[in-house]
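What follows is a single structure, written as structure tokens, with notes after it.
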Number of protein chains: 2
Amino acid sequence: MARTSAPDDSAARSTGRRRSGRPGHDADSVLRVAARVFNERGYDGTSMEDLARALGVTKSAIYHHVSGKTELLRRSLDLAMDALFEVTGEEGATTGRAIDRLEHVMRGSVRVLVEELPHVTLLLRVRGNTDVEKRALERRRRFDHLIADLVREGVVDGDVRSDVDPAVASRLLFGMVNSIVEWYKPDRGLACEEIADALVRIAFQGMRASKE
Amino acid sequence: MARTSAPDDSAARSTGRRRSGRPGHDADSVLRVAARVFNERGYDGTSMEDLARALGVTKSAIYHHVSGKTELLRRSLDLAMDALFEVTGEEGATTGRAIDRLEHVMRGSVRVLVEELPHVTLLLRVRGNTDVEKRALERRRRFDHLIADLVREGVVDGDVRSDVDPAVASRLLFGMVNSIVEWYKPDRGLACEEIADALVRIAFQGMRASKE
DNA sequence: TGTGTCACCGACCGTTCGTTCAGTAGACCG
DNA sequence: CGGTCTACTGAACGAACGGTCGGTGACACA
């Protein structure tokens with residue numbers, strides 16, 4: 001009874017132009033599998049042997065594609081943060097009322113989170129043990145500040161309730177968003193938009209049924 | 001530059017009756033420190049050497065108090081789940097309208113989460129790698145079902161909005177609650193009740209400022 | 001058939017891991 | 001002082017860890 005699913009030999013070049021040389025994995029396919037296994041067992045709880053088994057190769061083969069375990073982590077975390085920051089640069093996140101920009105970032109984050117689930121999940125579990133993790137935490141902190149600023153602006157505009165601390169509110173909001181990685185299963189139907197709709201509804205109008 | 005704070009030699013018997021024998025740690029003080037370090041570096045990322053350093057003893061000393069690393073994890077997880085389930089057994093969680101019971105459990109969870117922060121944090125990070133972790137995940141699942149049932153009842157009562165899936169809603173709600181472990185710092189003032197108030201307000205009425 | 005290119009194997013290295021064990025040290029009581 | 005309780009040390013163990021290296025296998029194109 002294996003702890004991880006069968007070897008992922010769908011591998012690299014199932015799509016795109018075929019390259020010369022022996023077929024098999026490439027750096028990207030290794031990263032994709034690694035991120036999945038890191039999520040199943042935790043980064044520290046995953047050995048290179050575990051990764052090799054999931055890839056269907058010996059562990060020395062992995063070093064042909066990446067320099068080591070930490071590079072896999074770094075690339076995964078960078079990929080996740082890049083995607084999140086891209087959302088904050090979109091037009092909907094930079095123009096208009098603060099509360100609408102906030103909604104845009106929330107919906108965009110849900111989308112990124114679902115599209116890049118393994119990488120974002122990894123990002124949200126980082127503890128800061130190594131330099132690579134510390135750097136990711138630093139980027140996350142910048143993202144969080146950006147959200148808190150949006151909430152503050154929303155309060156000033158009179159669109160966001162003023163009886164809760166914006167710092168606390170923004171953290172609770174994205175606690176809600178980020179929790180998606182804990183239970184979302186890509187296979188189980190449930191489109192990204194449905195989740196985003198439910199999220200925005202609860203976040204902005206609350207759980208309580210409207211009075212009439 | 002140490003990665004963890006100075007040795008915790010406030011130790012066991014700072015409070016309560018003094019026992020006979022050489023002074024130092026006991027099983028409980030070891031557990032308390034262990035849970036803290038597990039949170040800082042992750043369970044798998046923490047070596048017995050790390051624990052020993054944080055305790056101010058050699059690692060062999062730890063085995064005088066507990067049978068091993070997994071026992072520390074098991075006791076920590078059990079402690080957290082016991083506290084959470086105690087909330088669900090309180091009167092406020094078993095009588096009255098569903099939406100009020102839900103609020104009671106949410107407030108109680110926030111309290112437990114703040115009081116037993118290291119243990120609950122550990123619980124929320126469990127991946128299911130070992131039997132001990134699998135058992136904890138099983139208990140968590142039972143807790144989650146209980147919440148989902150409350151939301152469903154609330155919808156039937158007409159108190160909870162019916163345009164979001166109760167399963168999704170309950171997960172988002174407790175995603176919000178659980179996110180507290182990611183940013184709450186006990187020292188930084190911010191009482192447990194203030195957080196619970198902000199949480200309940202956002203959860204039930206939403207972020208948007210009321211119309212008048 | 002030969003050549004270039006890329007993917008991989010298997011044996012091995014030094015280190016760190018969780019754990020064990022025989023012995024030691026300090027505080028209290030008589 | 002001796003006796004008893006509890007807490008701890010230091011050296012060692014086998015296993016597992018991340019990583020290295022020289023050699024081999026499989027395809028594309030000529």
Side-chain angles (χ1 to χ4, degrees), chain A residues 3 7-14 16-34 37-38 41-75 129-133, chain B residues 3 7-14 16-34 37-38 41-75 129-133:
Chain A
R3 298 197 48 110
D8 190 338
D9 45 358
S10 69
R13 35 191 94 175
S14 52
R17 256 183 78 270
R18 289 178 71 88
R19 293 162 304 170
S20 65
R22 183 179 175 178
H25 290 283
D26 64 3
D28 282 336
S29 76
V30 168
L31 177 64
R32 208 183 52 216
V33 174
V37 181
F38 284 161
R41 316 178 47 94
Y43 175 73
D44 287 314
T46 304
S47 68
M48 294 303 272
E49 195 65 55
D50 289 331
L51 285 188
R53 210 174 304 124
L55 286 161
V57 298
T58 60
K59 63 175 178 170
S60 53
I62 300 175
Y63 292 88
H64 178 70
H65 299 290
V66 294
S67 69
K69 199 181 173 187
T70 59
E71 189 194 337
L72 285 168
L73 180 62
R74 182 174 47 75
R75 293 186 32 165
N129 289 353
T130 65
D131 285 343
V132 169
E133 301 189 15
Chain B
R3 298 199 48 111
D8 190 337
D9 44 0
S10 68
R13 34 190 94 172
S14 53
R17 255 183 78 271
R18 289 178 71 87
R19 293 162 303 170
S20 64
R22 184 179 174 178
H25 290 283
D26 65 2
D28 281 336
S29 76
V30 168
L31 178 63
R32 208 184 52 215
V33 174
V37 181
F38 285 161
R41 325 191 20 110
Y43 174 73
D44 287 313
T46 303
S47 68
M48 294 304 272
E49 194 64 57
D50 290 331
L51 285 187
R53 209 175 305 124
L55 286 161
V57 297
T58 61
K59 60 178 176 170
S60 53
I62 300 174
Y63 292 88
H64 179 70
H65 300 290
V66 294
S67 69
K69 199 181 173 187
T70 61
E71 189 195 337
L72 285 169
L73 179 62
R74 182 175 46 75
R75 291 185 34 166
N129 289 353
T130 66
D131 285 344
V132 169
E133 301 189 16

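To find a chain, count down the sequence lines: A is the first, B the second, and so on, and within it residues start at 1.
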- A/Val37 and A/Ala54 have their tightest heavy-atom pair at CG2-CB, 3.6 Å
- Query: At what distance, to the nearest 0.5 angstrom, does CG of B/Asp50 lie from CZ of B/Arg53?
  - Reply: 5.0 Å
- Message: It should be established whether B/Ser47 places a side-chain nitrogen or oxygen under 4.0 Å from OP1 or OP2 of nucleotide C/dT16.
- Response: no
- Roughly how far apart are B/Thr130 OG1 and A/Arg41 CZ, rounded to 0.5 Å? 10.0 Å
- Does a side-chain N-to-carboxylate-O contact under 4.0 Å join A/Asp131 and A/Arg74? no
- Task: Using Watson-Crick or G-U wobble pairs with both distances under 3.5 Å, give me DNA chain C in dot-bracket, 5' to 3', with [ ] for crossers and | for pairs to another strand.
- Result: ||||||||||||||||||||||||||||||
- Task: Tell me which of A/Gly45 and A/Ser67 sits closer to the 5' end of DNA chain D, going by the nucleotide each one is nearest to.
- Result: A/Gly45
- Could you please name the option among C/dA7, C/dT19, D/dG18 that lies closest to any side-chain atom of A/His65? C/dA7
- Message: Between A/Asp28 and A/Arg75, does any side-chain N to carboxylate O distance fall below 4.0 Å?
- Response: yes
- Could you check which of C/dC8, D/dG18, C/dT19 has an atom nearest any side-chain atom of A/Lys69? D/dG18
Pairs under 3.5 Å (N/O, protein and nucleotides 22-25 of chain D):
| residue | atom | partner | partner atom | Å |
| --- | --- | --- | --- | --- |
| D/dG25 | N3 | A/Arg22 | NH1 | 3.3 |

- Compare side-chain N and O positions of B/His64 against OP1 and OP2 of D/dC8 and report whether any pair is under 4.0 Å apart. no
- Item | Among D/dC8, D/dG19, C/dA7, the nucleotide that comes nearest once only the side chain of A/Asp26 is considered | C/dA7
- Task: Kindly compute the distance separating CG (B/Leu51) from NZ (B/Lys59), expressed to the nearest 0.5 Å.
- Result: 11.0 Å
- Starting at atom CG of A/Leu72, determine the distance to atom C1' of D/dG19, rounded to an integer number of angstrom. 13 Å
- Item | Heavy-atom closest contact (B/Leu73 atom, B/Phe38 atom, distance) | N-CE1, 4.4 Å
- Task: Go through D/dG19, C/dG18, C/dG10 for me and flag the one nearest to the B/Tyr63 side chain.
- Result: C/dG18
- Counting heavy atoms from C-beta on, name the nucleotide in D/dG19, C/dG18, C/dA11 closest to the side chain of A/Ser60. C/dA11
- Return the value, rounded to whole Å, for the distance between atom CZ of B/Arg41 and atom P of C/dT16. 13 Å
- Query: Please give, in whole Å, the distance from D/dG18 P to A/Asp44 CG?
  - Reply: 9 Å
- Item | Polar side-chain contact B/Lys59-C/dG18 base: donor and acceptor under 3.5 Å | yes
- Task: To the nearest Å, give me how far apart CD (B/Glu49) and C1' (D/dC17) are.
- Result: 16 Å
